[in-house]
**Student:** 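Mind looking over this structure? Questions follow.
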Amino acid sequence: MGVATLTGTRARASARQSRLWYLQHLHDAVAPFTTGDAVIVEGPPREERLRAAIAQLHLRHAELRSGLAPSDGVIRRVPADQPPAVVVEEGEESAVARWAAQAARIPFDIAGGPLWRVRVLSLPDERHVVLLVAHHLIADDFRVRDLLDELLTCYDGGSPGPCADPVPARESDDAVEAAARRLHGAPTGLELPADRLRPPVLSYRGGRARADVEAAVLERAGGEDALLAAFAVLAHRYTGSEEVVVAVHDPAVTVEGAVNPLPVRIDLTGDPVFATVLRRVRDAVEEARVHGTVPFEAVIGRVEREHDPSRRPLCQLAYLTSRSSRPRHRAVEVDTGVALFDLALSARPHEHGASLTLGYDADLFTAETVRRFGANLVTLLTSVAEHPEVPISRQRILTGEESALIARRQDGGPVAGDAPVHRLIAEQAARRPDAWALISESARLTFAELNGRANRIAHHLRDLGVRRQTPVGVCLPRSAEMVVAVLGVLKAGGAAVLLDPAQPARRLAMMLDDSRPLAVLTAEEQLGKVPGTYAGHIWCLDRDGDLLNRSSAADPDEWAHPLSVCQIAYTSGSTGEPRGVAFNHAAVVRGAMGTRRCYRLSEADRGTWISAPGFGISFVNELWPFLTAGAAVHIAGELTVSTPFRLRDWLVDNGITVSLVTKALAERLCAVDWPEEVALRTLLVSGERTGWLSSTVPFEVAVIYGSTETTNATTCLNETAGTRITPRRIPEEERWSISSPIGLPVPGARVYVLDANLQVVPMGVPGQIHVGGELLQSGYVNRPGLTAAKWLPDPYAGRAGARMVASGDIGRMLPDGSIEILGRVDDQISLNGYRVEPGEVAARLLEHPAVRHAAVVVREDEPGERRLVAYVVPEVNRRVHKSELLELLREQLPGYMVPGGRAS
């Protein structure tokens with residue numbers, strides 16, 4: 001019998017053992033760092049023979065006769081002469097997995113040793129389970145299996161053969177540098193989409209999920225190497241990274257008695273076919289084998305100079321090559337609860353294929369997420385087996401079930417809306433002429449008065465030459481008169497260009513120059529706001545009231561077409577100029593009808609108009625849904641919205657039932673005290689999730705998400721489940737949880753999460769949000785190239801000519817079907833419900849002669865307090881004053897785009 005001996009009673013631990021010793025003591029309360037293997041043996045347990053086998057194994061291997069402890073500043077091996085005792089228990093077969101997991105998680109006395117144990121579970125049917133558990137300090141997953149096989153051989157009275165001499169490590173500078181050189185420039189921080197934020201310090205808590213792949217599929221895909229290749233491809237599809245580094249554990253590559261992981265750098269550039277990836281993987285593995293005796297820990301130290309305690313160094317993924325199945329015993333899976341990598345794939349072959357095990361970091365992933373990854377992996381293998389000629393970007397990864405589930409959840413369903421909004425409002429005027437339509441501090445209009453006055457404007461505009469889609473500017477403050485004017489433009493067949501008189505003159509001039517309206521409707525007080533460069537008709541509705549009186553109050557003939565432009569609203573533009581979005585009648589009315597359906601609006605409701613008059617959502621989300629339902633809209637004055645207390649009182653006193661506000665205003669409203677009983681049923685929040693609320697409010701809070709290009713209300717999330725809620729602050733232990741959903745698609749919307757190749761990504765995987773369906777606007781005014789780049793063919797709508805808009809938002813679909821926003825593909829930001837292009841602000845700053853460079857970002861110095869901050873670099877020998885820059889910006893930009901300003 002071959003027996004291994006310790007080279008000195010205080011031999012120095014290997015680099016691998018030293019690293020694991022420090023990790024164990026850092027995470028002692030959480031992760032015992034054990035590994036185990038178990039089999040079911042026929043017949044009752046034979047304790048004496050098992051003790052003899054354990055003693056034999058103890059003598060054969062030096063690592064089994066040692067512990068580890070620090071001495072003279074280094075970790076050294078400490079002799080542990082006594083073999084572990086045999087522990088025999090009784091139990092049912094249904095409890096085997098739980099019993100094995102519990103036994104594997106019992107900590108070891110690292111300094112005293114021994115660092116392995118044997119447990120037996122006697123089963124009622126004359127069988128028993130033999131479990132061997134070892135600390136990772138002395139054995140890895142492969143080694144513990146070899147030890148169990150030796151133990152079983154001794155247990156059966158056989159001879160396991162001589163012990164192999166351990167392979168010495170190569171740790172010279174030249175050897176380590178050669179091994180590390182292959183990895184310079186490789187991504188060492190791969191971030192798979194996680195369910196929770198990465199905690200600041202690793203706990204190594206792990207879990208396992210399983211999948212099965214058929215033998216025929218595996219063979220046609222390329223054999224065992226196809227598992228590693230598919231693993232890398234799926235990581236590429238999940239993250240977008242064109243290079244993936246995987247720690248490959250091969251039992252044939254060992255150093256000092258343990259498998260030495262090979263950091264394999266896999267190239268996925270160029271969108272190759274799978275056969276090319278397979279060849280690259282095999283070449284990369286062979287290249288890594290050349291340096292197989294250089295310790296993994298030494299390579300880590302050379303490639304990553306700084307240690308990040310929140311992540312595994314160098315490799316977040318691991319692949320364990322498969323081992324042949326045991327012919328005499330049925331294996332038992334042992335879940336030790338430890339994860340040495342973010343995600344590790346191993347395989348056990350069987351006669352029908354292979355059983356795949358995915359070990360995962362339980363701090364990052366849920367079991368369901370990893371099960372989906374395993375199902376996607378099997379689907380990918382099946383796809384490449386069936387269609388080897390297809391590039392990896394277009395290989396199928398979604399299972400049929402997941403694909404069907406995503407298809408159902410990305411569709412908000414149909415929405416009715418054939419008649420334009422002005423006709424629906426006219427119908428309300430005919431049905432309930434004396435019902436209040438608009439109520440402000442200075443005016444009250446019934447539906448009959450609203451409709452009649454708008455009709456007079458429409459007839460006069462037609463006399464001026466307004467035809468279908470003719471732009472007509474409306475430069476009025478938030479008021480009943482502006483609603484009348486916009487409605488009149490729609491009735492005339494024209495397109496209302498929304499101009500907020502509070503915006504700087506230069507910005508208004510840009511909008512007029514871009515849209516070139518035939519006329520501008522305004523009031524005498526705002527007449528000076530219309531730029532002097534405008535050469536068209538200017539109609540002061542209050543001063544020139546006699547023109548209205550001479551026009552007919554009857555409904556004009558219908559000139560609107562569902563796809564004709566009815567409104568133009570301007571948003572921030574990355575080039576430094578605002579972009580006009582052309583709204584069409586069909587999208588506007590369907591958006592209004594979808595909002596009505598989502599929030600059960602009826603003539604008994606009372607809505608509000610609080611946003612700025614030039615804001616894209618003003619009419620589509622605040623006015624038309626209510627007016628087409630026959631409900632009154634209350635128009636807030638500037639003083640009303642100046643404080644949350646005044647706004648609260650206004651909402652309560654006027655019996656408002658549904659109101660839409662920006663995120664900043666919502667947070668302030670929800671922080672004040674409210675009466676126990678209010679008419680307010682739903683507070684809609686535009687733009688971003690409110691995070692957590694700081695007080696109890698007696699109404700539902702819901703977030704709507706969208707953009708001007710997609711009628712704004714594309715998805716909706718109810719923050720609160722009932723009519724009364726008890727919001728709470730997030731406990732510290734939950735702060736690492738990722739949760740910022742923006743809800744489900746509203747009726748009429750289709751919301752997709754797609755990768756760079758416009759393929760639907762799996763649930764939980766980030767991609768760009770694309771919006772299709774019936775709520776899309778027509779495009780950008782006078783920007784056909786930008787329109788073509790953003791309004792793309794929709795391959796998922798099932799009808800010819802369908803389009804979808806690339807939102808620029810990065811998001812993912814959560815298991816409940818809701819969408820979560822993660823960031824942007826560009827620099828655009830959402831600030832308190834407003835979309836802001838930092839490039840436009842920076843472009844204005846660069847107009848100052850003393851500014852050489854400018855950058856604009858969002859800062860959040862206090863949780864929830866986000867603000868724009870500008871940084872400038874002056875020209876050489878020039879000074880620039882903050883006051884000059886602020887004056888420059890205020891002359892050209894709305895208040896919410898001025899750094900340091902606060903939008904409400």
Side-chain angles (χ1 to χ4, degrees), residues 420-423 425-426 429 445 449-477 479-501 505 508-570 580-585 588 613-614 618-619 623-624 778 781-782:
V421 292
H422 57 269
R423 190 189 305 167
I425 293 172
L445 294 180
E449 291 168 334
L450 169 63
N451 192 59
R453 293 176 66 174
N455 286 341
R456 293 180 187 276
I457 290 176
H459 284 294
H460 183 68
L461 287 175
R462 286 188 176 179
D463 292 342
L464 289 177
V466 171
R467 298 294 181 264
R468 182 185 292 171
Q469 299 191 131
T470 301
V472 177
V474 180
C475 186
L476 289 164
S479 60
E481 204 56 47
M482 185 176 188
V483 182
V484 172
V486 171
L487 189 60
V489 175
L490 269 59
K491 284 173 171 281
V497 182
L498 304 183
L499 304 170
D500 183 353
L508 291 175
M510 287 181 180
M511 296 176 183
L512 289 172
D513 184 60
D514 185 57
S515 59
R516 299 182 182 180
L518 176 70
V520 172
L521 309 184
T522 187
E524 194 164 14
E525 188 176 343
Q526 280 75 44
L527 188 59
K529 297 290 185 178
V530 180
T533 54
Y534 176 66
H537 297 281
I538 299 178
W539 181 10
C540 283
L541 297 176
D542 51 356
R543 188 187 65 188
D544 304 328
D546 58 318
L547 294 176
L548 281 180
N549 295 331
R550 293 199 298 266
S551 298
S552 170
D555 289 322
D557 294 337
E558 185 59 73
W559 285 4
H561 181 276
L563 296 182
S564 61
V565 177
C566 62
Q567 175 183 305
I568 297 173
Y570 280 83
V581 178
F583 288 56
N584 62 74
H585 281 282
V588 167
S618 297
F619 287 84
L623 289 156
W624 302 147
S778 300
V781 176
N782 300 325

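Just so you know, residue 1 is the first one in the sequence shown, and it goes up from there.
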**Student:** Just jot down the side chain to side chain contact (heavy atoms under 4.5 Å, CB included) partners of Leu518, sequence neighbours excluded, or say none.
**Tutor:**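 Only Val466, Thr470, His537 meet the side chain to side chain contact (heavy atoms under 4.5 Å, CB included) criterion with Leu518.
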
**Student:** Stepwise, does the side chain to side chain contact (heavy atoms under 4.5 Å, CB included) test hold for Leu623 with Val486?
**Tutor:** CA-CA 11 Å; Leu623 289 156; Val486 171; over 6 Å; no

**Student:** Can you name the side chain to side chain contact (heavy atoms under 4.5 Å, CB included) partners of Asn549, sequence neighbours left out?
**Tutor:**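 Applying side chain to side chain contact (heavy atoms under 4.5 Å, CB included) to Asn549 gives none.
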
**Student:** What residues form a side chain to side chain contact (heavy atoms under 4.5 Å, CB included) with Arg453, not counting sequence neighbours?
**Tutor:**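 Partners of Arg453 under the side chain to side chain contact (heavy atoms under 4.5 Å, CB included) test: Leu445, Glu481, Val484.
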
**Student:** Looking at every heavy atom in both Pro517 and Gly473, which two are closest together, and how far apart are they?
**Tutor:** CB-N, 3.5 Å

**Student:** Any pair with a residue in residues 454-474 that passes ring pair (Phe, Tyr, Trp, His ring centres under 6.0 Å), sequence neighbours left out, goes on the list, sorted by first then second residue, please.
**Tutor:** His460-Trp539

**Student:** Let me confirm one number: the CH2-CZ distance from Trp559 to Arg462, rounded to the nearest 0.5 Å.
**Tutor:**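 The distance works out to 4.0 Å.
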
**Student:** What closest approach, in Å, do Asp500 and Gly614 show between heavy atoms, and which atom pair accounts for it?
**Tutor:** CB-N, 3.8 Å

**Student:** I need the minimum non-hydrogen distance between Met482 and Pro477, along with the two atoms involved.
**Tutor:** CB-O, 3.5 Å

**Student:** Does Leu476 offer a backbone N or O that forms a donor-acceptor pair with the side chain of Gln526 under 3.5 Å?
**Tutor:**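 Here the side-chain-to-backbone pair does not exist.
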
**Student:** Taking distance alone, no hydrogens or angles, what donor-acceptor pairs closer than 3.5 Å link side-chain atoms of residues 490-498 to residues at least two apart or in another chain?
**Tutor:**
from	atom 1	to	atom 2	distance (Å)
Lys491	NZ	Asn451	OD1	2.7
Lys491	NZ	Asn455	OD1	2.9
Lys491	NZ	Asp555	OD1	3.2

**Student:** If you compare all heavy atoms of Val565 against all heavy atoms of Ser778, which two are closest, and at what distance to 0.1 Å?
**Tutor:**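 Val565 and Ser778 have their closest heavy atoms at CG2-OG, 4.4 Å.
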
**Student:** Could you tell me which non-hydrogen atom of Phe619 sits nearest to which non-hydrogen atom of Val483, and how far apart they are?
**Tutor:** CE2-CA, 4.0 Å

**Student:** Pairs in or reaching into residues 508-526: which pass salt bridge (Lys or Arg N to Asp or Glu O under 4.0 Å), with residues at least two apart or in two chains?
**Tutor:**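 Found Asp514-Arg783.
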
**Student:** Atom CG of Leu512 and atom CG of Leu499: how far apart are they, to the nearest 0.5 Å?
**Tutor:** 5.0 Å

**Student:** When rounded to the nearest 0.5 angstrom, what is the spacing between CD in Gln469 and CD1 in Ile568?
**Tutor:**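 One gets 9.0 Å once the value is rounded to the nearest 0.5 Å.
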
**Student:** Check whether any side-chain N or O of Thr533 sits under 3.5 Å from a backbone N or O of Pro531 as a donor-acceptor pair, and report yes or no.
**Tutor:**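 Answer holds: no.
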
**Student:** Can you tell me how far apart CH2 (Trp624) and CD1 (Ile425) are? Round to the nearest 0.5 Å.
**Tutor:** 4.5 Å

**Student:** When you measure from the side chain of Ser515 to the backbone of Met511, do you find a donor-acceptor pair of N or O atoms at a distance under 3.5 Å?
**Tutor:**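 Yes, Ser515 side chain to Met511 backbone: donor-acceptor pair under 3.5 Å.
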
**Student:** Might you point out which heavy atoms bring Ala519 and Leu464 nearest each other, and give the distance in Å?
**Tutor:**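 In terms of heavy atoms, the two residues are closest at CB-CD1, 4.4 Å.
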
**Student:** Atom CG in Asp544, atom CG in Asp546: separation rounded to 0.5 Å?
**Tutor:**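 Rounded to the nearest 0.5 Å, the CG-CG separation comes out at 6.5 Å.
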
**Student:** To the nearest 0.5 angstrom, please state how far the NE2 atom of His585 sits from the SG atom of Cys566.
**Tutor:** 4.5 Å

